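Structure first, then comments.
Every value quoted in this text rests on a predicted model; they were computed, and no experiment measured them. Counting convention: from 1, in listed order, for ligands and their atoms alike.
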Amino acid sequence: MILKTEPRIRSLALGAIMTSALITAGFVETAPAYAKTADQSQVLTSSAVAVADKYAADTAEQIFKQGGNAVDAAVAIAFTLAVTYPEAGNIGGGGFMTLYVDHRPYFLDYRERAPMSATRNMYLDDKGEVIKDMSLYGHRAVGVPGTVEGMWEAQKRFGKLKWKQVLAPAIKYAQDGFEVDDQLISRRDNASKDFAGKTNFDLYFGSMKAGQVFKQPDLAKTLQRISDKGAKGFYEGETADLIARSMEGHGLITRQDLKSYKAVWRQPITASWNGYRVITAPPPSSGGVGLVQLLKMKADLKDKFTDVPLDSAQYIHLVAEIEKRVFADRAQYLGDPDFYKVPVAQLINDDYILKRAQEVNPNEPSDTKSVQPGLGTSMPEKAETTHFSVVDKWGNAVSNTYTINGYFGSGVVAEGTGIVLNDEMDDFASKPGVPNMFGVVGSDANAIAPKKRPLSSMTPTILTKDDKVAMVIGTPGGSRIFTSIFQVLSNVYDFNMPLAEAVGATRFHHQLLPPNTIFQEPYHQLDPEVIKQLEAKGYKFTMQGFNGDIQAIRIDGDTPEPMSDPRGRGVSRVIK
Ligand code: DON
């Protein structure tokens with residue numbers, strides 16, 4: 001989708017860079033026995049949510065009124081958004097959930113996996129070139145969905161309500177319908193152009209009209225099966241049969257792929273920053289490593305940032321210098337930890353980050369080619385998303401980002417199910433050095449393999465102070481996700497902005513490639529005078545046609561303050 005109203009993010013033409021892989025730690029959590037959360041006394045004045053639409057906020061309210069906790073609310077929100085926010089909310093995709101329950105951090109990886117018959121070169125032609133759009137549109141773009149298994153795992157482990165209770169609001173919205181928002185229609189119109197002649201998208205969504213009620217009877221039946229049978233209502237039986245049948249002759253996902261899907265509890269990344277404990281996403285996300293590197297490098301460069309005003313030419317230059325180094329590491333070392341030992345501990349080590357910070361050139365943009373992955377390359381070579389934040393009055397928190405990748409994913413709706421299937425396979429490196437939809441490149445660490453999870457940038461994050469939740473934050477935006485979260489956190493904690501201002505403030509983005517290119521967002525543009533000064537240094541500016549959609553909750557004392565990004569149709573609500 002090209003700029004116009006609000007695009008899916010298009011590939012950006014980049015020069016190829018050669019990369020190789022380096023490896024360490026797997027990070028699967030040895031899960032303690034499942035236990036429902038201990039009944040605690042109320043520690044906050046209220047519960048709160050920041051979610052992508054008003055229906056999800058209503059669902060959360062209903063769940064809290066029934067006595068549910070943050071995990072119940074999160075699971076109910078996820079199913080609701082699969083109905084009312086179909087461009088990104090989903091049961092046909094996957095994601096990550098960062099939790100803080102009874103003062104302990106957890107991370108659930110329910111990212112999609114490559115089908116068992118996927119192969120490393122499945123998107124290459126016989127000359128070894130990437131076949132345009134094959135990993136983006138249609139059946140072959142689809143990874144094995146993880147959302148339902150993820151929600152099942154989280155609710156089973158920590159929820160207080162019955163499974164049926166958390167499904168009920170979504171089933172009602174699918175059966176009785178919901179009123180369609182203008183923003184949804186404009187995204188549908190853009191997607192429809194991309195999918196025309198390639199998928200059955202219009203059969204399901206072509207009739208949707210702004211301001212009118214839209215019902216999804218097939219989806220209601222699918223959700224009912226999930227409500228009746230738990231995760232098996234998706235991964236086995238009728239739903240699995242329908243998904244597999246819709247793939248026959250077109251795509252790779254089989255009944256066996258669905259039956260063998262598993263979500264994984266992993267150790268979240270944790271780091272100390274600015275008096276807070278940052279709890280964030282480990283691989284297969286690159287987001288947690290990226291966020292910690294950004295936050296700490298900026299802190300290490302405190303002297304250089306002193307008296308540098310926000311969004312001044314010098315500020316943007318320094319942040320871009322930091323981002324260059326973060327994205328060099330991302331391309332080289334990050335991938336699915338079940339396949340490659342990602343060197344997480346080394347990448348977020350304080351001495352290593354300080355060394356990288358010291359490489360920042362305070363005056364001029366460092367030559368792109370000179371910015372290499374920081375741990376060396378001596379190891380052998382082989383070896384549209386939505387976020388919501390929830391806190392409950394007992395002090396538990398859920399930060400959840402899940403996705404079908406581009407808006408409406410692959411554009412394929414599994415016949416008879418109403419399920420919009422993802423195009424997450426595009427997050428793999430189809431070929432080393434060739435950029436994906438977000439313009440980011442990858443190496444062997446992110447090559448396609450059966451059952452492997454594609455590298456993500458999703459960064460659901462929680463900050464705690466003295467073991468109490470202080471911030472819950474996340475956003476969609478592909479590779480812009482962790483640079484956006486970094487900017488909001490820096491606005492709040494370094495610039496002392498009120499949360500609304502911090503979330504609404506201008507954001508920009510740089511990712512090493514294309515060289516010295518700063519992406520601006522349509523919502524707020526940078527000062528033309530600042531742009532002129534940076535162009536004189538050699539930077540180029542380009543619009544990214546994408547805004548992000550931060551959903552954040554800040555807790556200072558015992559009162560949660562939720563905030564939804566003014567760029568989206570999100571709703572934040574305090575619930576007594
Ligand atoms: O996992 C990832 O990083 C991407 N698939 C996320 C996609 C996304 O944020 C789409 N939003 N614009």
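Aromatic ring orientation, W265 versus Y106: perpendicular (interplanar angle above 60°, classes split at 30° and 60°).
Near T385, meaning under 4.0 Å from any of its heavy atoms, are these atoms of ligand 1: 6 (C), 7 (C), 8 (C), 9 (O), 10 (C), 11 (N). Close approach to M458 involves these atoms of ligand 1, each under 4.0 Å from a residue heavy atom: 1 (O), 3 (O). Within ligand 1, counting atoms from 1 as listed, the ones closer than 4.0 Å to a heavy atom of I481 are 9 (O).
By the side chain to side chain contact (heavy atoms under 4.5 Å, CB included) test, N90 pairs with T147, Y402, I404, sequence neighbours left out.
Counting heavy atoms closer than 4.0 Å to ligand 1, residue F438 contributes side-chain atoms (C-beta onward) but none from N, CA, C or O. Contact annotation for T403 and ligand 1: only side-chain heavy atoms (C-beta onward) come within less than 4.0 Å of the ligand. Contact annotation for R480 and ligand 1: no heavy atom of the residue comes within less than 4.0 Å of the ligand.
Checked by distance only, ligand 1 and G477 come closer than 3.5 Å through their nitrogen or oxygen atoms. The shortest N or O to N or O distance between G478 and ligand 1 is below 3.5 Å.
Taking the ring centre of W152 as origin, the terminal cationic atom of R157 falls outside the region bounded by 6.0 Å and 45° from the ring axis. Relative to the six-membered ring of F519, R480 meets both conditions, a distance below 6.0 Å and an angle of at most 45° to the axis.
Here D549 does not pair with R567 in a salt bridge; the nearest charged N to carboxylate O distance is not below 4.0 Å. The pair D109-R453 counts as a salt bridge, with a side-chain nitrogen and a carboxylate oxygen less than 4.0 angstrom apart.
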